[in-house]
Structure formats: structure tokens, C-alpha cells
Engineer: 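Sending over a structure as C-alpha cells; questions will come in a sec.
Quick note on labels: first sequence line is chain A, next is B, and so on, each numbered from 1.
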2 protein chains.
Amino acid sequence: MAAIEHKQLWQAVADQLRDEILDGRLSAGSRLVETELAERFGVSRGPVRDALAELARAGLAVDLPRRGTFVPSLTEKDLAEVYVIRRAIEEAAVRLAIEQGTDQDITAMYATLEQTERAYRADDLAAAWEADMAFHRCICRMSGNGRLLMLFDELSSQTVLLMRTALATHASLGWTPPVEVHRQIADAIRAREPRAASAAVGAHFQYTQDRLRASPEN
Amino acid sequence: MAAIEHKQLWQAVADQLRDEILDGRLSAGSRLVETELAERFGVSRGPVRDALAELARAGLAVDLPRRGTFVPSLTEKDLAEVYVIRRAIEEAAVRLAIEQGTDQDITAMYATLEQTERAYRADDLAAAWEADMAFHRCICRMSGNGRLLMLFDELSSQTVLLMRTALATHASLGWTPPVEVHRQIADAIRAREPRAASAAVGAHFQYTQDRLRASPEN
DNA sequence: CGGACGCTAACTGTTGACAATCGTCCTGTC
DNA sequence: GACAGGACGATTGTCAACAGTTAGCGTCCG
């Protein structure tokens with residue numbers, strides 16, 4: 001095993017660009033010029049083109065025909081859209097996770113929980129946020145639904161981008177990881193109570209959405 | 001208005017290929033050779049490549065690196081995955097549709113319902129199926145969530161492909177359009193009863209899923 | 001002084017060609 | 001007779017070049 005990931009060139013480029021977009025090194029509105037990137041990565045324009053198409057499909061870039069590709073500036077509306085879908089699929093995921101999840105999965109889930117808490121106590125908000133996302137991803141993985149997991153990854157990327165652009169100034173500063181809510185969800189999963197788990201996820205999203213909607217004063 | 005849709009070449013190719021795949025003219029397992037298609041459409045391999053990438057992203061093709069692109073043969077597991085996600089997002093969509101939908105939208109929704117009935121009485125199962133899908137799409141459009149609608153389109157395409165491949169022989173023959181269930185959903189939307197509407201959608205999917213799971217004897 | 005036209009530069013969309021890789025067939029050996 | 005190894009063919013991944021379009025800017029006319 002551990003077979004050599006025969007990564008396509010365009011995948012490597014896409015991964016690199018994705019990281020830079022999510023890190024904020026490529027800020028919203030930045031233009032992604034094919035020739036420029038091709039030279040930077042030492043490849044031709046072909047793979048760069050493929051990479052940009054991939055990012056566009058993932059919602060991390062917008063492609064205006066004949067005009068170029070840009071890093072999108074996501075709005076409140078985008079935030080609402082993403083959260084509606086995330087809530088829907090994660091409520092479903094948690095129910096499946098109860099049916100499909102192994103004890104090992106549940107252990108891993110609790111690990112992310114503790115990691116979140118530890119990072120928060122260490123005042124490492126970035127790590128706490130990452131562990132928070134890992135918790136959600138863990139549930140989606142437990143669902144055993146590959147499409148659902150891929151969809152989550154797409155939406156979580158957009159969530160990160162949203163947090164960086166729309167809410168960089170106000171909301172993220174006051175953010176605290178919802179450890180206790182996550183623990184509620186985790187406990188419900190371990191107890192194999194689909195109703196409670198689904199409701200807890202719904203409540204979690206409701207709360208997050210309300211808080212985000214309340215804070216900005218556009 | 002009605003501005004000239006300056007369609008990119010690869011989009012035209014992708015549309016054509018999508019139609020052929022969904023029509024069954026390109027059956028499951030078919031190999032999509034870039035050179036071949038390029039010659040057939042009178043374009044270079046570049047746009048064909050882009051088109052195949054697009055189809056692969058939409059789940060209507062699978063790309064095996066260095067080996068080629070194929071029309072996928074979707075399995076029971078794929079069916080289950082697609083339906084889980086569709087149920088989740090459509091339950092959410094119907095709730096939003098109640099908030100966002102205009103009277104015009106509701107009229108259009110009922111139109112698809114009547115169209116389904118008419119096509120079924122005329123023994124045109126293909127048209128009935130299409131109108132059935134149009135009904136579901138109508139609800140997703142009413143949600144006002146662009147991402148949700150795009151996601152639905154993706155999943156509905158895969159649903160069509162599934163019906164063609166996995167269930168071509170047994171289930172589709174006995175299929176009858178669930179007009180009365182659809183009417184229940186529509187009525188709940190018109191009456192602005194989110195609970196009932198969401199429940200009706202859920203029941204609809206539960207029923208469909210059970211029936212599909214019961215029929216094949218793999 | 002303001003607006004419209006035309007020019008220029010840059011970038012994208014598309015093309016054709018080259019090289020690397022994978023599947024297949026054939027051959028030879030056990 | 002079956003399996004391993006090597007060569008060939010086909011097809012994809014990548015590259016460099018060409019053509020068309022778009023945005024920006026300057027100039028000219030009203």
C-alpha cells in the first residue's frame with residue numbers, strides 16, 4: 001500500500017492554489033492569470049487551466065469567459081446558501097453515522113473534540129477552527145456516503161473562504177469553538193439516538209447562523 | 001435581451017455528450033476517446049478534454065488517469081447515496097420554497113403536476129418521468145438557493161443515469177408517476193405548512209427508496 | 001470640456017505536435 | 001498448456017504557438 005499517488009500536474013497546481021486561497025495569500029478579488037501561474041509553477045498553461053476549472057467548480061474561483069478567473073468575494077447570501085445545504089446534509093449524515101459508524105470512528109470523533117478544546121485553551125484559534133471542521137467532517141465520513149463527504153469538503157472550503165472574506169473583521173474575533181454543542185452531538189451519536197443527534201446538529205446550525213446573521217451590520 | 005449566448009466550445013461539446021449519455025446513446029461502460037470525439041465534433045482535443053472534465057465533475061463520467069474516460073455504471077450503492085442527499089436537500093428546499101416561492105412559482109409547480117398526469121394518461125412514460133423531475137426541480141428553484149439548485153441538477157442527472165443503467169430492466173417498467181404524492185407536497189407548499197411539506201417530501205423519498213430497494217434481486 | 005471612436009496591449013480560447021504511459025499481443029520458456 | 005517477459009500500438013498528459021476578444025488608454029470631434 002501507500003502506493004505512489006501519481007498526482008496529475010493539474011491536481012498539484014489546484015491543491016497549491018486552493019491552499020493559497022484558503023490561507024488568504026490570494027485575497028478576494030485577485031485575478032488568477034494563467035500565464036503568470038504557469039510560469040510560477042514551472043508548467044504550461046494547460047494544467048493551470050485544468051486547475052482553475054477545478055477550483056471554479058469547487059466554488060473557490062469564478063470564471064468569467066474571455067475575461068479571466070478571479071477569487072470570489074462571497075457575500076451574506078452565499079453564507080446563507082452554504083449553511084442551508086450544510087445543515088441539510090449534516091442532519092442526514094449524523095443519522096447515517098449512527099447506523100454506519102464503528103467504535104473506532106466514534107473514538108476519532110471524540111479526539112477532534114478534545115483537540116478543539118486543547119487548541120482553544122492554548123489560544124490557537126486557527127487550530128481550534130480546524131479541529132472544529134474536522135469534527136464535522138468526521139461525522140460526514142462516518143455516514144459512509146462518499147458523495148456526501150465530497151460535498152461537505154466543497155462546502156467547508158467555501159465556509160473557510162467566507163469566514164476569511166465576509167467576516168474577517170468582526171465575527172471571527174469573537175468566535176469561540178462550540179465544544180459543548182459538539183459534545184452533545186457526539187454523545188447522541190454514541191448513544192445511538194438519531195432523533196436527538198439530528199436535532200442537536202440542527203440546533204447547532206440554527207445557533208451559528210443566527211449569530212452570524214446578527215453580527216454584521218451591512 | 002436574449003443576448004447571444006457566446007457558448008464556449010467545450011460547453012457545447014459537454015452539453016451534447018451529456019444528452020447522449022442521458023439518452024442512453026452512450027451506454028454505461030462506453031469509453032470516451034478524446035481523439036474520436038474531437039474528430040466527431042470537428043474541434044480539437046482541448047475543448048473535448050474540458051468537456052470530459054466537466055462531465056466527470058458532474059458524475060456523468062469517470063476519469064481514470066492515463067487510462068481514459070468512461071460512462072460510469074452506477075450501482076445500488078450509488079443510488080442510495082444520491083437519494084440520501086436528494087432527500088436531505090429537497091426537504092430543506094421545500095421549507096425555503098414556502099418562504100420564498102411566489103404565486104407564479106406555485107402555478108408553475110402545479111403545471112408540471114398536470115403535465116405529469118397528462119403524459120402518463122397518454123402512455124408517454126418518458127415525458128411523465130421528465131415532468132416528474134421538473135416538479136422536483138421547480139421546488140428547488142423556488143428555494144431561491146442557487147447552490148441547492150445546481151446541486152439538484154447534478155444529482156438529478158445522476159438519477160436519470162441510474163434509472164437507465166441499474167434499473168433499466170425491472171423497475172422502470174412498473175414505474176408509475178407518483179402524482180398523488182406530488183400533489184400532497186404541492187398542496188402543503190401552497191398552504192404554507194413547512195412541517196407537512198417537509199414530511200411529505202420525506203415520505204415520498206422513503207417510499208421511492210424502499211420500492212427501488214425491494215425490486216432488484218442482486 | 002465631455003463623450004465617442006479607434007488603437008494597443010494583454011490575456012484567453014483553441015489548435016496541432018511531442019513525449020510518456022498503459023494495454024495488448026506475441027513469443028518463449030517452464 | 002499456462003504463465004512471464006518484451007515489443008508494439010493506441011491514447012493520454014503536456015507543451016508551445018496562433019487567433020480572437022476584451023479592457024484600458026489616448027485622441028479626435030462636437
Engineer: Does A111(B) have any side-chain contact (heavy atoms from CB on, under 4.5 Å) partners at least two apart in sequence or in another chain, and if so, which?
Structural biologist: none
Engineer: What nitrogen or oxygen pairs link the protein and nucleotides 6-9 of chain D at under 3.5 Å?
Structural biologist:
none

Engineer: Run the salt bridge (Lys or Arg N to Asp or Glu O under 4.0 Å) test on D78(B) and R147(A) for me, step by step, so that the C-alpha distance in whole Å, both residues' side-chain angles and the decisive distance to 0.1 Å come before the verdict.
Structural biologist: CA-CA 9 Å; D78(B) 293 305; R147(A) 282 174 172 79; 2.8 Å; yes
Engineer: Would one find more than 12 heavy atoms of other residues, nucleotides or ligands at under 6.0 Å from atom CD of E130(A)?
Structural biologist: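 Atom CD in E130(A) is not packed in, count stays at 12 or less.
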Engineer: For A186(A), what residues pass the side-chain contact (heavy atoms from CB on, under 4.5 Å) criterion, not counting sequence neighbours?
Structural biologist: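 Scan of A186(A) (side-chain contact (heavy atoms from CB on, under 4.5 Å), adjacent residues dropped) gives M109(A), Y110(A), L113(A), F135(A).
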Engineer: For W10(B), enumerate each residue passing the ring pair (Phe, Tyr, Trp, His ring centres under 6.0 Å) test, keeping only those at least two apart in sequence or located in another chain.
Structural biologist: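 Per chain and number, W10(B) pairs via ring pair (Phe, Tyr, Trp, His ring centres under 6.0 Å) with no residue.
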Engineer: Do NZ/NE/NH1/NH2 and the carboxylate oxygens of R95(A) and E99(A) come within less than 4.0 Å?
Structural biologist: no
Engineer: From CD of Q8(B) over to P of dG20(D), roughly how many Å is that when rounded to an integer?
Structural biologist: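 Taking atom P of dG20(D) as the reference, CD of Q8(B) is at 15 Å.
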Engineer: Using whole Å, report how far CG of D50(A) lies from P of dT12(C).
Structural biologist: 14 Å
Engineer: Rounded to whole angstroms, how far apart are CH2 on W10(A) and P on dG13(D)?
Structural biologist: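 Checked: the CH2 to P distance equals 10 Å.
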Engineer: Rounded to the nearest angstrom, tell me the gap between atom CG in L9(A) and atom P in dT12(D).
Structural biologist: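 One finds 18 Å between P of dT12(D) and CG of L9(A), rounded.
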Engineer: Taking only residues two or more places apart in sequence, or in another chain, which ones meet L9(A) in a side-chain contact (heavy atoms from CB on, under 4.5 Å)?
Structural biologist: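 Applying side-chain contact (heavy atoms from CB on, under 4.5 Å) to L9(A) gives V43(A), P47(A).
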Engineer: Relative to the ring of H136(A), is the ring of F152(A) parallel (under 30°), tilted (30 to 60°) or perpendicular (over 60°)?
Structural biologist: parallel
Engineer: Given atom CD of Q11(A) and atom P of dG13(D), what is their separation to the nearest angstrom?
Structural biologist: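 The answer, rounded to whole Å, is 10 Å.
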Engineer: Specify the separation, in whole Å, of atom CG of L64(A) and atom C1' of dT21(D).
Structural biologist: 14 Å
Engineer: Tell me which residues in residues 31-49 of chain A put a heavy atom below 4.0 Å from DNA chain D, sorted by number, or none.
Structural biologist: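 Result for residues 31-49 of chain A: V43(A), S44(A), R45(A), P47(A), sorted by number.
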Engineer: So which nucleotide from dG13(D), dA23(D), dG20(D) ends up closest to the side chain of R66(A)?
Structural biologist: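 Of the candidates, dG20(D) comes closest.
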